[in-house]
Amino acid sequence: MLKAGKSARRATFLRSSGASLATRIAPRNARATAHMQQPFLMRTRGYHDSAEYGCISPPRVKAEAYSAEELRNRQANAGLLQLVSAYRRYGHLSSNLDPLGIQKSELLDELSAGMYGLGEDSGVFDIKGIVAPSNDLPPSASLSAIVSALQKTYCRNISYEFEHIESRAVRQWFAHNVESLGSLDASPRYARYHELLSKVEIFEHFMQKKLPNVKRYGLEGSEAIAVLLDQIIYEGARQGIVDVVAGLSHRGRMSLLAALFGYPKDELLRKLRGGSEFPDGSPWTGDMLVDLAKPGTVRYDDLDTTVNIDVLWNACHLESGTPVGMGKSRIKDINIARSKKNKSHTIGDHVLAVSVHGDSSFAGQGVVAESLGMSGLAHFTNGGTVHVVINNQIGYTTPASHTRMTRYASDIAKFADIPIIHVNGEHPEELARAAHLAVAYRQKFRKDVVIDVWTFRKRGHNEMDEPTFTQPAMYSAINKRVSAPAKFEEKLISSGHLTKDAANSVKLEWLASLNEAFAASETCTAKEPARASRWKLLGSSTSYPVEKTTGVSIDTLYEVGVKSVAPGDSVKVHPRIERFHIKPRLKRLQDGHAVDWATAEALAFGTLLKEGYNVRLSGQDVGRGTFSQRHAMFVCQDSEKVYVPLNHMDADQSTQSSGQQQQQGKLEVVNSNLCEEAVVGFEYGVAVEDPFTLTIWEAQFGDFYNNSQTIVDGYIASGETKWGQQNGLVLLLPHGFDGGGPDHSSCRIERHLMLSNDPVDDHPVALPNIYVAYPSTPAQFFHLMRRQVKRNFRKPLIVAGPKTMLRLASATSLLSEMGPGTRFKPVLDDPTISDPRAVKRVILVSGKLYYDLAKLKSEHPLGQHAAIVRVEELSPFPREELYSVLSQYTNASDFVWVQEEPRNSGAYAFAAPRVKRLLPVHAEMRYVGRSEHAATCSGVETQQAAEHAELTRCAFEGLRGLVADLVIDNISIQHDQHQSLDEPVASVISAEVSHRWSNRQIYAAQSSDQ
Ligand SMILES: Cc1ncc(C[n+]2csc(CCOP(=O)(O)OP(=O)(O)O)c2C)c(N)n1
């Protein structure tokens, strides 16, 4: 905690008095105009700030008012005020941050006292209200004493940027705290700094000697980062932090894991030598060294505290882990507060997120800006992340001057009102100060803060690289340097803070332990990482589950449904919502049929909440729903207050079977910022931390999910395989070719399916990494949502979601289809078939196209000879369920897959080889649908419609020929030969369309499956 030093001094600087600043600035000039006497009002933001569940505001910290004396001082010493202000704003430009001294010096007029009419003869100033007093600066001081204190504060090895921040409270707090840092009473933990620096340096040298060909992306040149991180954790621990969620960069990860975060050294060396980070025989295939993680602890004996360190697994895609740590730390903190029944919980009380970045990545990767931009949003705040930038002034081979156009890598943080502390990375004491200040700020304001640590990189990008190919001058300077650990040790010994013997014994002990671990690494096996307590309640996901039913009693469904649209007494609902949403829902529930998608979803959420699960629904505009279908929140038309009806169901029932949570859960409706990668990363973080919160991210349109492709590929789809880390995140991706155009139609089912490791050939024994479904009914969706958290394991679920189906009368369900004994069905057989033996063609389809085909079939004279079978779940491919359906169609000789998506997309390529293995010998599955296309679809509505009409027609083409040889019970089925059953065989779309679109084709029934 920052102590201001002499409290009396602090009081003179920041004295609170009742009146506001503006009202107390009495104009000296009696003829002052009237408007000058008016208080100036600052516009604050309004609207939608209500206490909707999960809407967490940071603590409101008010700026302290100046006393009358301070105000007089400020008025009387305007020149000094400007000078001090200039130091606060520009002091960093004159500071000594770069250990290599690459930056050239220029004259900085802004810091010269003469600019503000001050000089030698300015006398002694009363500094109250102008600059904070400190050990170096008494309340009355000469100009030279003030300038020297300002120089020391702002222009040495540590400097600050906080004047860009809107809040005066923050600017005032920062100014006061940095200016009085000289009064800091926390005694530096010299021995600890020395220990960490030595450990890092020795580890790096050890590795260079023992495993010179292993790329470890060492920390040499930035060793003091270990001191900084340790001090951040230490400061956190002093303030009650029990868990740190640590996102690490590749740089120095090995050193930090070994020297600070307690990764078992023998296991680490086993991995470094090419072994696995998992026990022998583990199903997990591991990750690169630079992404390695394992939970650890850091013990502080003087505080009698142990802090848990949750080191994040991350994909190698730089910075992609940033939002993951934010999400994980938020939900972890909330869950700890819940378990401790901390009623006065302020977000970030228990858990601190620390995120380590490289300078080029921080400046260049967009996900950083996305993450910083959402860090203070009500549904995303985690109470503040401390960001540490290892600014070694180079990225791979590219110098800082080419990786960013601005001076600092940290400049991106300024747009998000985040204060920045710059520090020279060769000065451990200054790094400790930076940590102290950053954590104090974070604790008070519960917001993000950046520490930009200027260092260098001793070797190449990795240890195999030759850096002088591209940076000869830089490396000539680097090679002449004595290392920071060596310099610091010498300084401590000469100043009497450490004896040579003590220094040597720390180093020898560490070296011995490394040697021991190296020997052990030849034979040791890695231990399975400890599972977080919440995950211990679940099982493994390596074998096929016995699916339980996910149905709910009709009474409960009815009750939840009614409550899902109950607006509460104080909420005036929009009349159109009343008319088109609430009333129809109540009628559907009453009738027990025509239950639409939004109702089924509300029933799924509401019943889960009643059972004690939480639901977090995140994405752009999810509260209302992109298609105005959901209305999970009502906005009072009088007050704009947000009301989430499902959070106001009675809290008395609790039927949760696993007994995890007794209370009714909460629905967090997260209307997210307009961003995909960081938001999906954040939700992944929530999902891996909390398996009992059904965590859903919904894309505005499915197409936009691909802005988060890194998270999908590197985390959602492969996290379990690489890291053994389950996650049950749901991606709801509105999908369907309905004239929306190329970027509003496709969630790229094919890509999700390509990510699935569901085997083509074998009958699978293990579950695939992801579930992919394209359900066609509200009841199916209801069961999918419930199944997701009712299972004894977690797997990600991608749902190609509805758009037109939301309001399609035929795409509705009976309430009883969600009733007791019901469950999700991976395959839906054709409900219209009365005699399976009459079926000659089986049409396989997924999702919304079913309804168009079903309509055509109902109008088709030979419709009874075609069965439309819906494959509702694509991964894992439902072999058994599909086989049992197909095998009833004993006379079927023609199997087609019909899809809206062009042939190079959609599910066809994935389904074809899997279906083939279920068909009679020699039978093929043919493709009916659009030909290959570069865009997802056409943007011309008429063309799109013509293609659609053509492909659905083609699905039934040629039926007459098939039926001609159909014999059932020795009776040939006869049809009127004169009736025009089919259009002439057409494999090319109509002339009207084709003249504009000559090279496009519909693969029709006649085309063969190539
Ligand atoms: C998204 C992405 N692009 C490119 C890379 C390849 N890459 C790995 S490290 C690196 C340089 C990173 O520089 P910086 O952030 O300054 O960290 P440093 O290595 O200097 O510590 C690059 C380009 C990557 N891992 N991820």
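Atoms within a ligand are numbered from 1 in the order they appear, just like the ligands themselves. Remember, predicted model here, so these are calculated numbers, not experimental data.
At least one donor-acceptor pair under 3.5 Å links the side chain of R330 to the backbone N or O of T381. A donor-acceptor pair under 3.5 Å is formed between the side chain of R273 and the backbone N or O of F518. In this structure, S159 contributes its side chain and C155 its backbone to no donor-acceptor pair below 3.5 Å.
Scanning all protein heavy atoms for the shortest distance to atom 23 (C) of ligand 1 gives Y396 CD1, 3.6 Å. Considering only non-hydrogen protein atoms, atom 19 (O) of ligand 1 sits nearest to H250 NE2, 2.7 Å. Of the protein's non-hydrogen atoms, S361 OG, 2.3 Å is the one closest to atom 15 (O) of ligand 1. For atom 16 (O) of ligand 1, the nearest protein heavy atom (residue, atom name, distance) is D359 OD1, 2.7 Å. Of all protein heavy atoms, the one lying nearest to atom 13 (O) of ligand 1 is G395 CA, 3.3 Å.
If you number the atoms of ligand 1 from 1 as listed, the ones under 4.0 Å from a heavy atom of R251 come out as 18 (P), 19 (O), 21 (O). Shown in contact with I394 at under 4.0 Å from a heavy atom are these atoms of ligand 1, numbered in order with element: 16 (O), 20 (O). The contact set between ligand 1 and C316, taken as ligand atoms under 4.0 Å from a residue heavy atom, comprises 24 (C), 25 (N), 26 (N). Taking a cut-off of under 4.0 Å to the non-hydrogen atoms of S360, the atoms of ligand 1 that pass are 13 (O), 14 (P), 15 (O), 16 (O).
At least one side-chain heavy atom of R251 sits less than 4.5 Å from a side-chain heavy atom of H461.
When each of I241, L437, V354, I232 is tested with R442 by the rule side chain to side chain contact (heavy atoms under 4.5 Å, CB included), just one qualifies, namely I241.
Within a 6.0 Å radius of NE2 in H317, other residues, nucleotides and ligands contribute 12 heavy atoms or fewer. Environment of NZ in K210: crowded, with over 12 heavy atoms of neighbouring residues, nucleotides or ligands closer than 6.0 Å.
Scanning for ring-ring contact (aromatic ring centres under 6.0 Å, His included) contacts around F174 gives F162, Y441, with sequence neighbours left out.
Considering backbone and side-chain N/O atoms, H317 never comes within less than 3.5 Å of an N/O atom of ligand 1. Below 3.5 Å of separation, one finds no N or O of Q365 facing any N or O of ligand 1. No N or O atom of F362 sits closer than 3.5 Å to an N or O atom of ligand 1.
With a heavy-atom cut-off of 4.0 Å, H461 touches ligand 1 through its side chain alone. At a heavy-atom distance under 4.0 Å, no atom of R457 approaches ligand 1. The backbone and the side chain of L318 each have at least one atom closer than 4.0 Å to an atom of ligand 1 (non-hydrogen atoms only).
The aromatic rings of F362 and H387 lie tilted to each other, with the angle between the two planes from 30° to 60°. Between W313 and F278, the ring planes lie parallel to each other; the angle is under 30°, not in the 30° to 60° tilted range.
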